Amino acid sequence: MSEELNSTSPAESLSPSFGGLRVAALESRRRDDFARLIERFGGVPFVSPSMREIPIEKNKEAVDFAYRVITGEIGAVIFLTGVGFKQLITAIEPHVDKQRFLDALSDIPTLARGPKPVAAMREVGLQATHRAPEPNTWREVLQTIDQHLPISNLTVGLQEYGITNHSLIGGLEARGARVTTVRVYQWELPEDTQPLEENIRAIVRGERDCLLFTSAHQAVNLLRIATALDCESDLRSALRSMVVASIGPTTSEMLQHLDIPIDLEPDHPKMGHLVQASAEKGPRILKAKRFSRSSRVTVKEDVEKSAPDPLEASLQESCFMNACYRQPSDVTPVWLMRQAGRYMAEYRAVREKVSFLELCKNSALCAEVMVTAVDKLGVDAAIIFSDLLPILEPMGFQLEFTTGDGPVIHNPIRTPKDVDRVRLLENMDALQFVPDTVRATRASLPTKIPVIGFSGSPFTLASYMIEGGGSRNYIHTKTLMYTDPVAWKVLMSKLVDSIALYLNSQIAAGAQCVQLFDSWAGCLSPNEYRTRILPHMHQLLDSIVPGVPVINFATGNPMLTSLLRGDSRTVVGLDWRVPLDVGWDMAGNDRAVQGNLDPIVLFADLETIRDQVHYVLSQASGRPGHIFNLGHGILPGTPVENVIALVDLVHELSDRRS
């Protein structure tokens, strides 16, 4: 084994690790514990308390609330926090018979938002009638009410925790309740705001890399101090170049409400999970964000000050972008893999003049063939015209597209040592035609039509590198994967970093979305994919500019579907081998999906096409988050008029405007 294969990068040896990143946090109660956790995971902590709990003294509102419970005027009570419940008892105890109040509570339905109010109630001998499940947001509170607690014409007491949740109150009132709120404590700034002020100034100066939130109120006070320092705008701008992590859904909701971007949220809303997830994912997210930001300024000086964000602009008008984020739209969006291809006469006319590889490297022609297809078909998105394999040339492979045989790699990997000669893609000089294609395509399309960039996934590109072309059994690829896991890991790592640069360059050039094609993943079992591919896919997703939708498409084995869900911005691509509703269940209802008509259907008559389009749409049931596509690319020889009809049918049959 070569020295390169045996070497271990610092990120690998200390994984997960911040790798020396400067980590700001706003924790107050457990400041020292938080700092030690950050240090344990290789970060430099800057923890500044941002708030303190102030009980409301002589709380007449709480006393009145207690009497209304005792007299039966309030018919149900929702407790949002454990601390709030305890302080409510403390506030009323000097003025109200505590036991009478507890007895009255035990006689009416009570709902606890999560385990902490349940525990606080148990301490005084009360059992919550209902408990909202994780992640314990106002949405779960309302879902629990819908399932177990009719509240129409009922006066519902709501114990708040500092900031009024208008969404929850609105949801209760929409269900017919009269809402009575009671605040028992409020959040104020710390007595000494100097550490918080210094952290804010350091963020503005670019001297912090990550910012971790453990409470929604931290964000409120952060902006209060920034406003007082007259630097709120500068702070918001600086946060776009940092990793912003939220401890859980409730905090994330507040950050979104305050228009603070969120880059990651741990699987469990705990401090340790937050720090570990930030250490694991933060360095890659930071690299992607700073690459994107610097590249966009290079492309267009001061772009963020002179023009609105193209992704945000597209979201306002694009049914495709709305679907990526599982937002409702008037119609189901549709685009088609290989929508510019050999089935079109216009494409064949261009190909008569240039070879396929020459076409891929001619940005103007690539934009022309795609814009022609978009105009002719009426689709809702445009994927750039390119191929999976040009990225392999600057990585050291001799690529040729031969008539009849397709792509051929003349110097494939055949031994573990050959992995050493695979070059990491460190810049886009040799592939500049790809971002140029993005720019040319973007410039030629209406702003409401998003541009999709793409790349092959690590496994599929590795298969081409190793097999030298297509394969039936992937003997060479899977042999290396099984017999030399170190060489396999090195190859995957090179591909992950190279693909990340490749896709981020496309995003910086104007792509609103990117797709990963794992054309050969179907040869893998779920266990093979889970153990030997999925960790590298997670690294790749962490390395792509946050917030940009990523369509993760693998074909050939529906049993992989649940492994394709990636992160929260991932759209799961489904091929035609699985019913769309089943595939969506496997991907998870918290993900958007794309697919999944069998491409062969387009060779049938129009009535059959209509029936099959209706069938796919019926499986989606009008749920936000469905992008209509084929289960694979349009095949040569497909009648163009049938493709046009397909697009029209999707729009017609999914129209929700009437």
Side-chain angles (χ1 to χ4, degrees), residues 320 333-390 400-407 433-434 436-446 448-454 470 511 515 517 519 553 555 576 594-610 612-613 627-652:
F320 171 84
V334 54
W335 72 278
L336 306 168
M337 289 177 275
R338 293 201 204 112
Q339 60 192 20
R342 284 178 284 173
Y343 77 103
M344 271 192 168
E346 295 88 342
Y347 172 82
R348 294 195 299 272
V350 171
R351 282 283 281 110
E352 288 177 359
K353 303 172 186 177
V354 294
S355 71
F356 180 71
L357 202 51
E358 287 171 335
L359 172 57
C360 289
K361 295 182 179 182
N362 187 319
S363 301
L365 282 181
C366 286
E368 177 187 322
V369 297
M370 181 50 64
V371 172
T372 299
V374 171
D375 289 344
K376 189 164 189 171
L377 302 179
V379 290
D380 300 304
I383 192 166
I384 64 168
F385 186 88
S386 188
D387 190 77
L388 300 184
L389 301 185
E400 181 183 5
F401 285 85
T402 60
T403 303
D405 293 330
F433 56 87
V434 178
D436 286 347
T437 295
V438 175
R439 293 187 190 97
T441 306
R442 174 70 278 161
S444 302
L445 289 169
K448 67 179 182 179
I449 302 294
V451 173
I452 306 170
F454 75 89
Q515 174 155 325
F517 286 88
S519 307
F553 176 65
T555 183
W576 72 93
Q594 176 176 282
N596 67 337
L597 186 71
D598 185 340
I600 301 297
V601 169
L602 291 175
F603 288 89
D605 59 89
L606 290 181
E607 193 58 38
T608 299
I609 294 173
R610 184 184 188 90
Q612 293 300 309
V613 169
I627 300 165
F628 197 103
N629 208 311
L630 302 178
H632 210 292
I634 298 176
L635 296 169
T638 299
V640 175
E641 61 272 19
N642 286 2
V643 182
I644 296 172
L646 167 69
V647 174
D648 290 342
L649 283 168
V650 172
H651 289 154
E652 174 194 336

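Along the sequence shown, the residues carry numbers beginning at 1. Predicted model only: the values in this text are computed from it and were never measured.
- Residues Thr441 and Phe385 are not in side-chain contact: their nearest non-hydrogen atoms beyond the backbone lie 4.5 Å or more apart.
- Ring geometry for Phe517 versus Phe553: interplanar angle over 60°, hence perpendicular rather than tilted (30 to 60°).
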| task | Start with the C-alpha distance between Asp387 and Phe401, add both sets of side-chain angles, then the distance that settles side-chain contact (heavy atoms from CB on, under 4.5 Å), and finish with yes or no. | result | CA-CA 11 Å; Asp387 190 77; Phe401 285 85; 3.3 Å; yes
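- To the nearest 0.5 Å, atoms CD1 (Ile609) and CG (Asp648) are separated by 11.5 Å.
- By the 4.5 Å heavy-atom criterion applied to side chains, Leu646 and Phe628 are counted as neighbours.
- The number of heavy atoms from other shown groups lying within 6.0 Å of CZ (Arg348) is above 12.
- Using a 4.5 Å cut-off on side-chain heavy atoms (C-beta onward), Met344 and Leu377 make contact.
- A distance of 5.5 Å separates CD1 of Ile384 from CZ of Phe454, quoted to the nearest 0.5 Å.
- In terms of heavy-atom proximity, Val640 sits nearest to Tyr343 at CG2-O, 3.3 Å.
- In this structure the side chain of Asn629 reaches within 4.5 angstrom of the side chain of Trp335, judged on heavy atoms.
- To the nearest 0.5 Å, atom CZ of residue Arg610 and atom CG of residue Asp605 are 12.5 Å apart.
- The two residues Ala511 and Val438 have their closest heavy-atom pair at N-CG1, 3.5 Å.
- The shortest side-chain heavy-atom distance between Trp576 and Ile600 does not fall under the 4.5 Å cut-off.
- Between Leu389 and Pro407 the shortest heavy-atom distance is CD1-CB, 3.3 Å.
- Counting heavy atoms from C-beta outward, Met370 and Ile383 have side chains that approach closer than 4.5 Å.
- Lys353 contributes atom NZ, which lies 11.5 Å from atom CG of Leu359 (distance to the nearest 0.5 angstrom).
- For the atom pair Thr555 OG1 and Met337 CE, the distance stands at 8.0 Å (nearest 0.5 Å).
- Contact check for Asp380 versus His651: side-chain heavy atoms found under the 4.5 Å cut-off.
- Rounded to the nearest 0.5 angstrom, Leu635 CG and Arg342 CZ are separated by 9.0 Å.
- Shown here for Leu445 and Ile449, the closest heavy-atom pair between the two residues is CD1-CG2, 4.1 Å.
- Heavy atoms only, all atoms of each residue included: Gly637 and Phe603 are closest at O-CE2, 3.4 Å.
- Within the 4.5 Å cutoff, the side chain of Thr437 has no heavy atoms near those of the Ser386 side chain.
- Residues Gln339 and Leu336 share a closest heavy-atom pair of OE1-N, 2.9 Å.
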